[in-house]
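Worksheet: one structure, shown below.
Nothing fancy with the numbering, it's 1 onward along the sequence. Whatever order the structure lists them in is the order used to number ligands and atoms, beginning at 1.
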Amino acid sequence: MSKLLRKPNKAEQDVTVVHDIQTENSSLEYVEFKMIDLKPGGTYSEQLGKKECCIVAVTGKINVTDHDQTFENIGTRETVFEQIPTDSVYVSNDRGFEIEAVSQARVALCYSPSENQLPTKLIKASENGIELRGVENNKRLVHNILPDSDPSANRLLVVEVFTESGNWSSYPPHKHDQDNLPNESFLEETYYHEMNPNQGFVFQRVYTDDRSIDETMTVDHGDVVIVPAGYHPVGVPDGYTSYYLNVMAGPKRIWKFHNDPDHEWILKSRQ
Ligand SMILES: O=C[C@H](O)[C@@H](O)[C@H](O)CC(=O)O
């Protein structure tokens, strides 16, 4: 199995760490990611040190406190496939937080290095920027949870994407693996995937110009794909809807991607 593909852990007690992608157990330097499942009443807490964290109420309702402020009953959906935005909480470095599940909940913890402590912030679902991106067979729905236009974070970018049956996303293939602004930024990335119905799969390829990385993966419901570098298109088979939550971070908090020149003609052919 590809080293870029991570399978979910099995359920445990009140709190299950479904995924725990760290700099120590991956090829990433800027992005870390946890997905946790909490049973009603279950709690999870952390002290962040020199990291910032975006806590995304992926499904279910949770209470979140940074021990100064408490945000209650955040979360808007029972399944991501309601395709409505959800609530998140940004907590900066040198703070702690505790999450308590009001209902059964799945919560994403999106991390990046951070030195300059910023205010804790509730990112309401209603504040998500919503985009209908792409045409023909590249259509997808994007919820910008923490885009580079939002100054609330030091390095983190968080976005979720829905791609319908027979469409492609992150397509034409693009990359952001060079710290070469204004042409391109360097952002590592993780994809947390879900499928509806959940026996579905998507194909994701991660490949670099020199093909030093060239992995084509069959991605199942609940899998994470790690994108240390390279292009990273996603193809969704007929009959299924794809969801993924992206975490991006790098030396500069700017999302400036570069399209694969072999495939950029597709965009130009539709102008
Ligand atoms: O670079 C960002 C990620 O690859 C996705 O968020 C991608 O941009 C989603 C899309 O445009 O289809």
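- For the side chain to side chain donor-acceptor pair (under 3.5 Å) test, no residue two or more places apart in sequence or in another chain qualifies with N9.
- Counting only residues at least two apart or on different chains, the ring pair (Phe, Tyr, Trp, His ring centres under 6.0 Å) pairs with a member in residues 123-175 are H143-F162, F162-Y243, W168-Y171, H174-H176, H174-H232, H174-F257.
- Judged purely by distance below 3.5 Å, without hydrogens or angles, the side chains of T59 and E78 never pair a donor atom with an acceptor atom.
- Near ligand 1, R133, R140, V159, V161, S169, S170, H174, H176, E189, Y191, H232, Y244, N246, M248, W255 each place a heavy atom less than 4.0 angstrom from the ligand.
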Below 3.5 Å, can you tabulate the donor-acceptor pairs from side chains in residues 67-74 to any protein atom, sequence neighbours excluded?
from, atom 1, to, atom 2, distance (Å)
D68, OD2, R95, NH1, 3.3
T70, OG1, T65, OG1, 3.1

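- For the side chain to side chain donor-acceptor pair (under 3.5 Å) with Y111, the lone residue among Q22, K34, E32, E52 that qualifies is K34.
- Between atom CD1 of residue I99 and atom CG of residue L109 there is a gap of 5.0 Å, rounded to the nearest 0.5 Å.
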